[in-house]
Q: 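Before I ask anything, here is the structure I am working with.
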Amino acid sequence: DGGITQSPKYLFRKEGQNVTLSCEQNLNHDAMYWYRQDPGQGLRLIYYSQIVNDFQKGDIAEGYSVSREKKESFPLTVTSAQKNPTAFYLCASSIGPQVPGANVLTFGAGSRLTVL
Amino acid sequence: GDSVTQMEGPVTLSEEAFLTINCTYTATGYPSLFWYVQYPGEGLQLLLKATKADDKGSNKGFEATYRKETTSFHLEKGSVQVSDSAVYFCALSPRAGGTSYGKLTFGQGTILTVHP
């Protein structure tokens with residue numbers, strides 16, 4: 001079955017450490033997204049990529065970095081510059097820009113990061 | 001900028017009760033509107049969507065009508081079940097083409113708990 005796989009499901013980090021969250025999709029989607037979820041605040045967009053080797057900042061990109069070297073993969077690095085990294089991180093994908101269904105997102109199961 | 005406002009939660013209902021979760025939006029033009037559902041410990045799943053004024057989205061007994069005049073997209077279900085307990089998110093995506101097309105703006109989410 002096609003879908004999005006996020007790993008790890010739970011991650012603990014000490015202050016000052018960088019961590020990388022994995023996101024892999026086998027849906028053949030061109031576009032991929034990273035959202036952050038905090039209680040009572042909904043989802044906020046961190047970064048998105050519409051095509052391989054290209055990505056753009058979302059609303060809360062500070063302290064995060066991404067890469068898009070392969071169509072299937074869109075890893076997110078939470079750097080030590082992120083002041084409040086404890087959150088639930090969701091990866092999503094969509095078929096691609098400017099085509100029918102471009103705004104329908106498929107989500108992974110999420111990764112919960114806790115900073116100790 | 002675009003924004004989505006949902007009714008405050010949590011919402012607690014008895015099985016077979018009628019459900020309404022209010023959602024209003026602010027956006028330019030004619031956005032597409034969505035309801036996503038998140039079950040405990042999981043990512044978001046698309047519940048239903050509507051792409052133009054007066055469209056009714058429906059799925060699994062849930063319905064929502066795109067009301068341009070009141071900028072609303074309220075979610076309703078005539079008889080809820082325990083299995084409907086989840087967090088519900090209202091979202092919009094801008095109508096314009098280009099790279100913003102797949103970027104969704106989410107409401108803060110409404111927690112629904114249904115008791116037997």
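Numbers restart at 1 for each chain; the letters A, B, ... are given by sequence-line order, proteins then strands.
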Q: Between A:Tyr64 and A:Tyr89, how do the two ring planes meet: parallel, tilted or perpendicular, split at 30° and 60°?
A: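 Perpendicular: the ring planes of A:Tyr64 and A:Tyr89 meet at over 60°.
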Q: Does A:Arg36 pair with A:Asp38 as a salt bridge, N-O distance under 4.0 Å?
A: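 Yes, A:Arg36 and A:Asp38 are salt-bridged.
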Q: Heavy-atom distance under 4.5 Å to chain B: side chain of A:Gln6, backbone, both or neither?
A: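 Neither part.
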Q: Contact part of B:Gln38 toward chain A, heavy-atom cut-off under 4.5 Å: side chain, backbone, both or neither?
A: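 For B:Gln38, the side chain is the part near chain A, not the backbone.
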Q: Hey, what's the ring geometry for B:Phe89 with B:Phe106, parallel, tilted or perpendicular (30° and 60° as the breaks)?
A: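 Aromatic pair B:Phe89/B:Phe106 classed perpendicular.
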Q: Chain B heavy atoms under 4.5 Å from A:Leu90: which part of the residue, side chain, backbone, both or neither?
A: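 Looking at A:Leu90, just its side chain touches chain B.
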Q: Quick check: does any side chain N or O of A:Lys57 sit under 3.5 Å from a backbone N or O of A:Glu62, one acting as donor and the other as acceptor?
A: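 Absent.
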Q: Where on B:Leu46 is there a heavy atom nearer than 4.5 Å to chain A: the side chain, the backbone, both, or neither?
A: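 When you check distances to chain A, only side chain atoms of B:Leu46 fall under 4.5 Å.
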Q: Salt bridge check: are B:Lys77 and B:Glu63 linked by an N-O gap of less than 4.0 Å?
A: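 No.
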Q: Look only at the side chain of B:Asp2 and the backbone of B:Ala27, and say whether a donor-acceptor pair between them is shorter than 3.5 Å.
A: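 No, the answer is negative, given that no donor and acceptor are paired below the 3.5 Å cut-off.
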Q: Does anything in residues 65-80 of chain A get under 4.5 Å of chain B by heavy atoms, and if so which residues?
A: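 Within residues 65-80 of chain A, near chain B: nothing under 4.5 Å.
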Q: Looking only at side-chain N and O atoms, does B:Tyr66 offer a donor or acceptor that is under 3.5 Å from a partner on B:Ser32?
A: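 Per modelled atom types, B:Ser32 and B:Tyr66 side chains form no pair under 3.5 Å.
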Q: Count the heavy-atom pairs under 4.5 Å between each of B:Gln6, B:Gln45, B:Glu42 and chain A, then report the option with the highest count.
A: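 Result: the option with the highest number of such pairs is B:Glu42.
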Q: Examine whether an atom of A:Leu43 lies under 4.5 Å from a heavy atom of chain B, and if so say whether it belongs to the side chain, the backbone or both; otherwise answer neither.
A: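 Both the backbone and the side chain of A:Leu43 come within 4.5 Å of chain B.
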Q: Does the side chain of A:Glu24 come under 3.5 Å of the side chain of A:Thr5 through a donor N or O and an acceptor N or O?
A: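 No, no side-chain donor-acceptor pair sits under 3.5 Å.
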Q: Ring pair (Phe, Tyr, Trp, His ring centres under 6.0 Å) between B:Tyr88 and B:Phe62: does it pass, once the steps are laid out?
A: CA-CA 11 Å; B:Tyr88 292 81; B:Phe62 291 90; 5.6 Å; yes
